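Computed from a predicted structure; not experimentally measured.
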Amino acid sequence: MPTPMIGSKSPRLVLYVPHKPNSFDELTERPNIQTLIANNTNHWRKIATLLAKICSPDLENWRQFRDSRLLESSAISINPTLCNLESRPWHWIGGKDNQRRFSYLQHNALPLESCENVAVDRRKQLLFTPYPDYRQLDNAVIIEIRRALETGGFYSGT
């Protein structure tokens with residue numbers, strides 16, 4: 001049986017990370033972004049912030065989105081396999097080491113022209129990036145990721 005996720009049971013995007021945050025079991029039962037941030041290091045605040053910047057329907061309001069709706073529309077998984085969900089989410093696999101856990105995936109992800117370390121397979125709804133960290137995913141890269149997701153229909157209907 002796969003490990004539970006933190007967040008929505010029918011997410012639009014699932015972020016896969018290789019390690020559990022503190023309070024993982026509590027957070028799978030009662031997803032709460034403030035608890036995730038409060039019970040973990042600044043590292044997890046950064047992950048939540050980057051997830052919000054990518055998932056927010058309006059990039060200008062990512063903070064409000066992170067604090068109020070992030071875990072209603074997305075999820076965080078530590079599984080080394082893609083979640084098979086009825087919502088047919090996008091799957092974001094961040095970090096080279098983490099991507100190795102998914103080496104079995106058959107895909108046609110192509111690097112973005114402006115960000116060669118970010119690749120997207122729109123048909124399979126896969127997003128491959130460096131590890132979710134500000135140094136590797138600065139605002140310019142976030143904008144390019146959002147453009148790629150928008151082309152793939154991610155923001156329609158939000």
Side-chain angles (χ1 to χ4, degrees), residues 2-3 5-8 10-21 24 33 36-37 40-67 69-158:
T3 306
M5 302 179 301
I6 297 171
S8 175
S10 55
R12 300 194 75 231
L13 182 142
V14 178
L15 170 61
Y16 297 85
V17 293
H19 52 277
K20 285 184 187 183
F24 183 82
I33 201 66
L36 174 71
I37 292 170
N40 290 277
T41 63
N42 191 41
H43 170 77
W44 279 94
R45 183 185 58 79
K46 291 177 184 179
I47 291 172
T49 295
L50 289 167
L51 184 58
K53 285 183 175 185
I54 289 174
C55 290
S56 178
D58 175 14
L59 183 55
E60 302 244 339
N61 292 315
W62 66 264
R63 285 178 187 87
Q64 179 183 356
F65 182 82
R66 179 195 63 196
D67 296 342
R69 298 189 352 221
L70 179 62
L71 296 180
E72 294 173 10
S73 65
S74 64
I76 299 170
S77 175
I78 60 168
N79 290 328
T81 57
L82 297 182
C83 299
N84 184 12
L85 301 166
E86 286 185 34
S87 62
R88 299 201 45 206
W90 275 81
H91 303 276
W92 173 11
I93 303 168
K96 286 183 182 179
D97 289 340
N98 194 29
Q99 289 172 17
R100 285 187 199 106
R101 297 187 323 146
F102 292 86
S103 62
Y104 65 89
L105 286 176
Q106 300 290 317
H107 64 81
N108 293 308
L110 298 172
L112 299 181
E113 277 186 39
S114 54
C115 304
E116 62 187 39
N117 60 349
V118 174
V120 174
D121 181 332
R122 287 181 182 88
R123 190 175 62 77
K124 292 192 176 180
Q125 298 185 178
L126 297 170
L127 170 64
F128 298 94
T129 71
Y131 192 81
D133 182 272
Y134 296 152
R135 291 168 293 197
Q136 300 177 84
L137 298 176
D138 61 24
N139 286 335
V141 174
I142 294 295
I143 288 169
E144 293 304 317
I145 291 170
R146 288 180 61 88
R147 283 185 184 141
L149 292 179
E150 184 172 34
T151 302
F154 181 78
Y155 300 103
S156 60
T158 56

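- Of all non-hydrogen atoms in Tyr155 and Cys55, the two that sit nearest each other are CE2-O, 4.0 Å.
- At distances below 3.5 Å, not a single donor-acceptor pair connects side-chain atoms of Ser56 with backbone N or O atoms of Lys53.
- Rounded to the nearest 0.5 angstrom, Ile6 CD1 and Ile78 CD1 are separated by 8.0 Å.
- Panel note: side chain Asp58, backbone Glu60; a donor-acceptor pair is recorded below 3.5 Å.
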- Message: Between His107 and His91, is the ring pair (Phe, Tyr, Trp, His ring centres under 6.0 Å) condition met? List the steps.
- Response: CA-CA 12 Å; His107 64 81; His91 303 276; over 10 Å; no
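- Looking at Gln125, its side chain does come within 3.5 Å of a backbone N or O of Pro89 through a donor-acceptor pair.
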- side-chain contact (heavy atoms from CB on, under 4.5 Å) assessment of Val17 paired with Trp44: CA-CA 11 Å; Val17 293; Trp44 279 94; 3.8 Å; yes
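- Crowding of Asn42 atom CG: a count of heavy atoms from other residues, nucleotides or ligands under 6.0 Å exceeding 12.
- Ring geometry for His43 against Tyr131 counts as parallel: the plane angle stays under 30°, on a 0 to 90° scale with 60° as the upper cut.
- Checked by atom type and distance alone, the side chain of Gln99 pairs as donor or acceptor with a backbone atom of Thr129 at under 3.5 Å.
- Separation of atoms CH2 (Trp62) and CG (Leu50) is listed at 8.5 Å; rounding is to 0.5 Å.
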- Item | Chi angles and distances behind the side-chain contact (heavy atoms from CB on, under 4.5 Å) call for Phe65, Leu70 | CA-CA 6 Å; Phe65 182 82; Leu70 179 62; 3.7 Å; yes
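- Taking all atoms of both residues into account, the shortest heavy-atom contact from Met5 to Ser77 is CG-CB, 4.0 Å.
- Residues Leu13 and Leu149 approach most closely at CD1-CD1, 4.4 Å, considering heavy atoms.
- Looking at every heavy atom in both residues, Cys83 comes nearest to Val14 through SG-CG1, 4.4 Å.
- Here the straight-line distance linking atom CD1 of Ile47 with atom OH of Tyr134 works out to 10.0 Å at 0.5 Å rounding.
- Although no hydrogens or angles enter the test, the distance criterion places a donor-acceptor pair under 3.5 Å between the side chain of Asn98 and the main chain of Tyr16.
- The 12-atom threshold is not exceeded at NZ of Lys96, counting heavy atoms of other residues, nucleotides or ligands nearer than 6.0 Å.
- In this structure, Leu36 CG and Ile76 CD1 are separated by 5.5 Å, a value rounded to the nearest 0.5 Å.
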- Item | Arg147 vs Glu144, salt bridge (Lys or Arg N to Asp or Glu O under 4.0 Å): CA-CA, chis, key distance, verdict | CA-CA 5 Å; Arg147 283 185 184 141; Glu144 293 304 317; 2.5 Å; yes
- For Val120 and Thr151, run side-chain contact (heavy atoms from CB on, under 4.5 Å): C-alpha distance rounded to whole Å, both residues' side-chain angles, the deciding distance at 0.1 Å, then the answer. CA-CA 11 Å; Val120 174; Thr151 302; over 6 Å; no
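- Thr49 and Arg66 are linked by a side-chain donor-acceptor pair at a separation below 3.5 angstrom, with hydrogens and angles left out of the test.
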- For side-chain contact (heavy atoms from CB on, under 4.5 Å), just list the numbers for Leu105 and Ile93, CA-CA rounded to whole Å, side-chain angles, deciding distance to a tenth of an Å, and then say yes or no. CA-CA 11 Å; Leu105 286 176; Ile93 303 168; 3.9 Å; yes
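- Side-chain atoms of Asn61 do not come within 3.5 Å of backbone N or O of Gln64 as any donor-acceptor pair.
- At distances below 3.5 Å, at least one donor-acceptor pair connects side-chain atoms of Ser87 with backbone N or O atoms of Pro11.
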